[in-house]
There are 2 protein chains.
Amino acid sequence: MAATMQDVARLAGVSVKTVSNVVNGYPHIRPGTRDRVLAAIEELGYQLNLTARNLRTGRTGIIGLAVPELSLPYFAELADSVIDAAEECGLTVLIEQHGGRREREIEVLTGARRHLTDGLIYSPLGLGPGDEHLLDVGYPLVLLGERIFHGPVDHVTMANVDAAAAATRHLLALGRRRIAVVGVHPGEVVGSAALRLAGYRAALEEAGIAPDPALEGEAGLWHRATGAAAMARLLDDGAAPDAVFGMNDALALGAMHELQVRGLRVPEDVAVIGFDAIDEGRYSNPTLTTVDPGREVIAETAVRLLHERTSGAGAGEPQRVVAAYRIDVGGSTDPSRRTASPEPGETTTPVPDDVEVPSTR
Amino acid sequence: MAATMQDVARLAGVSVKTVSNVVNGYPHIRPGTRDRVLAAIEELGYQLNLTARNLRTGRTGIIGLAVPELSLPYFAELADSVIDAAEECGLTVLIEQHGGRREREIEVLTGARRHLTDGLIYSPLGLGPGDEHLLDVGYPLVLLGERIFHGPVDHVTMANVDAAAAATRHLLALGRRRIAVVGVHPGEVVGSAALRLAGYRAALEEAGIAPDPALEGEAGLWHRATGAAAMARLLDDGAAPDAVFGMNDALALGAMHELQVRGLRVPEDVAVIGFDAIDEGRYSNPTLTTVDPGREVIAETAVRLLHERTSGAGAGEPQRVVAAYRIDVGGSTDPSRRTASPEPGETTTPVPDDVEVPSTR
DNA sequence: TTGTATGCGTTATCAA
DNA sequence: TTGATAACGCATACAA
């Protein structure tokens with residue numbers, strides 16, 4: 001069996017408390033004592049039992065990360081960044097997939113696994129107005145990617161409306177007028193889909209173009225496949241767009257694929273822009289113009305906020321952090337950059353979304 | 001504070017043992033008693049403290065999954081599948097990234113986090129011959145993707161040599177003769193890179209072609225970027241290939257991108273085949289011909305094996321499972337399928353790699 | 001069928 | 001600076 005503190009204490013001729021002190025770096029220990037303990041630890045190959053410590057301290061050193069799916073490249077890359085950032089703080093990450101299914105999203109918030117984690121970084125898709133109370137959980141929670149809740153939780157978000165408008169303006173600046181959007185969640189009033197749609201429409205109206213429902217393509221989960229399917233429906237319905245805004249890169253790449261299946265040239269016939277700046281878009285053909293929402297900053301900020309809540313400086317006003325974004329121009333909107341890496345544009349100072357959010361009280 | 005079993009027992013007028021029995025689904029309980037307990041649980045909002053149970057039982061219900069990085073799409077999709085498979089067994093997954101760095105890979109095996117998990121699904125890159133003893137850990141371990149160790153651990157692997165040879169033969173069958181390979185790890189004698197290289201060379205020799213070192217492109221981590229860089233070096237050095245075998249899809253897509261940057265046509269000038277069958281290759285331009293190694297089967301098998309070891313039927317001979325593979329033909333080798341989804345070929349009965357592996361004793 | 005009592009390995013409280 | 005001892009919340013022999 002594995003050695004315990006008792007064994008170490010016995011071998012070193014000290015009490016368990018002293019071993020504990022050594023293990024935890026308590027400073028006031030006589031050097032000789034410490035050495036004896038360290039030697040005993042070495043000899044026995046002792047390793048601290050984290051479970052026992054967790055039970056005793058009530059903390060686990062594990063944080064949860066709840067995302068729709070890891071097969072969505074944005075969330076895979078986000079998870080990568082979160083794990084690295086957590087490592088820096090000595091934290092471990094437990095990933096949960098909820099698939100964007102509302103009941104799973106709720107389950108994640110209250111499930112038994114929350115006993116295993118000190119806090120949660122939470123990226124829901126299915127929650128909406130009226131769900132604020134669900135976020136009133138008894139543990140530190142950092143909400144990601146949305147701006148929908150007024151609840152007492154930290155937010156790390158991006159300027160969805162503003163960035164989506166900027167993406168649309170980029171297409172308008174190319175002279176495109178029939179700009180489709182892919183990824184719409186009908187009926188949604190908050191969440192990335194609704195906010196990005198709002199930005200898209202705002203930019204169109206700003207340019208004197210009336211949003212056309214025939215150009216708004218629905219897609220539940222933001223996969224390549226759903227992007228391609230939405231694009232196919234738009235084309236079949238005769239929408240005849242000259243540009244497409246994919247609400248994320250996977251959708252955009254799926255849409256681009258479908259355009260190419262139909263023999264349409266990107267960007268000459270139809271320009272395409274995405275959102276997320278995943279690595280994949282740097283190697284697609286053509287390379288993908290996209291909105292870079294600052295994924296790493298978002299991950300690091302979320303971990304930092306959670307870490308602050310879980311360790312010590314617990315209380316305090318809920319924070320809201322809005323990450324800066326920029327547009328990276330690739331070949332899917334600029335024929336001269338067909339195979340060139342997307343060129344970072346200017347970083348835009350974050351402008352928090354100011355869409356009217358329905359209140360529930 | 002959160003309610004404990006004590007609280008529930010008091011409210012229900014029973015002992016903690018009874019509450020425990022109810023919670024754990026012990027069958028021999030009088031219905032009336034059970035109802036009272038359930039009511040008390042409901043009223044108090046009681047939730048089992050997993051940490052306490054873990055300490056008591058010595059099991060956590062968590063399994064570890066150690067991969068290079070989640071930003072590598074294959075591992076992101078693998079993690080997705082593993083998490084889903086684990087969910088089926090009531091297990092939670094703790095993901096660790098080791099980045100293919102040897103010292104991190106070793107650390108993962110022995111680190112304190114192993115106290116939090118019942119077992120580990122382990123996908124190393126940096127370990128090799130002479131490291132078998134490192135795998136002699138005191139907990140259930142399932143090794144993934146390799147065939148390199150004779151240690152007493154379960155393996156779930158693929159027929160790397162055979163599949164790589166099949167991929168190369170596919171290119172040969174197109175009439176290609178100067179077939180490059182990308183992803184070589186020089187000096188490696190085991191591991192995916194070495195095995196796939198062996199398969200590649202074997203297929204060439206079988207066709208009467210002498211392997212040419214000038215056509216073997218090195219790439220440490222199998223990213224799109226390293227694939228592109230390796231391709232660039234080969235082209236700069238005048239290798240002038242008419243086909244490329246990417247040891248994984250990310251490499252292949254990176255290489256394909258670099259070819260397109262240079263104005264070479266895929267597949268007309270250079271055909272490209274990858275390995276992994278990630279979703280991305282179904283939407284690339286052209287779509288990517290690839291070896292489908294049966295990722296889901298691998299994930300499910302690994303989880304099942306680990307679950308068997310951790311729960312009950314612990315001991316028994318180390319298992320070796322070799323997943324079946326097949327080749328999916330897309331546009332990167334068949335111009336008539338430029339934008340078509342890769343077409344599944346015949347599934348090949350797994351032939352375990354039979355490369356001579358240096359023994360260390 | 002249910003209750004009592006003990007211990008899992010640690011940290012924390014107090015005293016020495 | 002260190003030691004003895006009591007929790008932390010649960011599962012489980014053993015008793016009833």
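A, B, ... follow the sequence lines: proteins, then strands. Residue 1 opens every chain.
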>> Strictly below 4.0 Å, N to O, side chains only: are A/R309 and A/D154 in salt-bridge contact?
In response: yes

> Taking only residues two or more places apart in sequence, or in another chain, which ones meet A/Y26 in a side chain to side chain contact (heavy atoms under 4.5 Å, CB included)?
Replying inline: A/N21, A/H28, A/I29

>> For a side-chain contact (heavy atoms from CB on, under 4.5 Å) check, start with the C-alpha distance between B/V153 and B/V142, then their side-chain angles and the critical distance, and finish with the verdict.
In response: CA-CA 6 Å; B/V153 291; B/V142 174; over 6 Å; no

Review item, side-chain donor-acceptor pairs of residues 36-49 of chain A, under 3.5 Å, at least two apart:
| from | atom 1 | to | atom 2 | distance (Å) |
| --- | --- | --- | --- | --- |
| A/R36 | NE | A/A12 | O | 3.0 |
| A/Q47 | OE1 | B/H115 | NE2 | 3.3 |
| A/Q47 | NE2 | B/T110 | O | 2.7 |
| A/N49 | OD1 | A/T51 | N | 2.8 |
| A/N49 | OD1 | A/A52 | N | 3.0 |

> Does A/E308 pair with A/R304 as a salt bridge, N-O distance under 4.0 Å?
Replying inline: yes

> For the helix from C/dT1-D/dA16 to C/dA16-D/dT1, what angle lies between the axis at the first five pairs and the axis at the last five pairs, to 10 degrees?
Replying inline: 30°

>> In whole Å, I'd like the distance from the CG atom of A/L55 to the P atom of D/dC10.
In response: 9 Å

> Is it true that B/E107 and B/R104 make a salt bridge, defined as a side-chain N closer than 4.0 Å to a carboxylate O?
Replying inline: yes

Would you tabulate the nitrogen or oxygen pairs shorter than 3.5 Å linking the protein to nucleotides 2-6 of chain D?
| from | atom 1 | to | atom 2 | distance (Å) |
| --- | --- | --- | --- | --- |
| D/dT2 | OP1 | A/T33 | OG1 | 2.3 |
| D/dT2 | OP2 | A/R30 | N | 3.1 |
| D/dG3 | OP2 | A/S15 | N | 2.8 |
| D/dG3 | OP2 | A/S15 | OG | 3.1 |
| D/dG3 | OP2 | A/T18 | OG1 | 2.4 |

> When the nearest nucleotide of DNA chain D is assigned to A/P27 and to B/L48 on a heavy-atom basis, which residue is associated with the more 5' position?
Replying inline: A/P27

> Does B/R10 have any side chain to side chain donor-acceptor pair (under 3.5 Å) partners at least two apart in sequence or in another chain, and if so, which?
Replying inline: B/D7

> Within this structure, what is the CD-to-C1' distance between B/Q47 and D/dC10, rounded to whole angstrom?
Replying inline: 15 Å

> Tell me: CZ of B/R53 to C1' of D/dC8, nearest whole Å?
Replying inline: 16 Å

> Please give, in whole Å, the distance from C/dT11 C1' to A/N54 CG?
Replying inline: 12 Å

> Is any side-chain nitrogen or oxygen of B/N24 closer than 4.0 Å to OP1 or OP2 of D/dA11?
Replying inline: yes

> Within this structure, what is the CE-to-C1' distance between B/M5 and C/dT4, rounded to whole angstrom?
Replying inline: 15 Å

> Quick one: side chain to side chain donor-acceptor pair (under 3.5 Å) partners of A/E96, sequence neighbours excluded?
Replying inline: A/R113, A/R114

>> Applying a 4.0 Å non-hydrogen cut-off, can you work out what A/L50 is touching in the nucleic acid: base, sugar-phosphate, or nothing?
In response: nothing

>> Tell me whether A/D118 contacts the main-chain N or O of A/R59 through its side chain, where contact means a donor paired with an acceptor under 3.5 Å.
In response: no

> Roughly how many Å is it from CD1 in A/I41 to C1' in C/dT10, rounded to a whole number?
Replying inline: 14 Å

